[in-house]
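The figures here come from the full heavy-atom set of this structure, side chains too, leaving out hydrogens, waters and symmetry mates. In this chain, residues are counted from 1 in sequence order.
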Amino acid sequence: MYVIHVTEAELETARHALRAYLSAFGHDEAETVGEIRRVIAKLDSAQMDGEDPRISA
């Protein structure tokens with residue numbers, strides 16, 4: 001498991017990018033779709049850790 005620190009803007013950018021990728025290209029690759037959905041779920045559940053947002057991936 002990895003931990004990264006991102007700003008709120010970076011977190012939103014990652015969410016939007018993955019959702020855009022999923023809607024544009026992910027329909028034919030079931031494994032890729034599953035991975036992207038899991039990452040989006042983790043991004044959506046990210047919580048603040050002190051001053052910096054923290055995501056465990």
Side-chain angles (χ1 to χ4, degrees):
M1 186 172 296
Y2 296 93
V3 175
I4 60 171
H5 294 271
V6 296
T7 65
E8 190 168 336
E10 292 166 337
L11 180 61
E12 284 301 311
T13 299
R15 281 187 188 128
H16 291 297
L18 285 170
R19 287 185 179 127
Y21 178 85
L22 186 61
S23 68
F25 303 107
H27 301 290
D28 296 328
E29 302 291 334
E31 186 175 317
T32 301
V33 169
E35 285 295 318
I36 291 171
R37 287 187 175 151
R38 285 187 286 278
V39 172
I40 289 172
K42 289 180 180 184
L43 293 174
D44 287 344
S45 67
Q47 298 177 7
M48 296 292 286
D49 177 43
E51 294 291 320
D52 299 318
R54 181 176 181 172
I55 301 173
S56 296

> CD1/Ile40 to OG/Ser45 distance, rounded to the nearest 0.5 angstrom?
Replying inline: 12.0 Å

> Once you round to the nearest 0.5 Å, how far does CZ of Arg19 lie from CG of Leu43?
Replying inline: 8.0 Å

> For the atom pair CZ (Arg37) and OG1 (Thr32), what is the distance rounded to the nearest 0.5 Å?
Replying inline: 11.5 Å

> To the nearest 0.5 Å, how far apart are NZ in Lys42 and CG in Leu18?
Replying inline: 12.5 Å

> Taking all non-hydrogen atoms of both residues, which atom of Glu10 and which atom of His5 are closest, and how far apart?
Replying inline: OE1-O, 4.4 Å

>> Just verifying a value: how many Å separate Thr7 OG1 and Glu12 CD, rounded to the nearest 0.5 Å?
In response: 10.0 Å

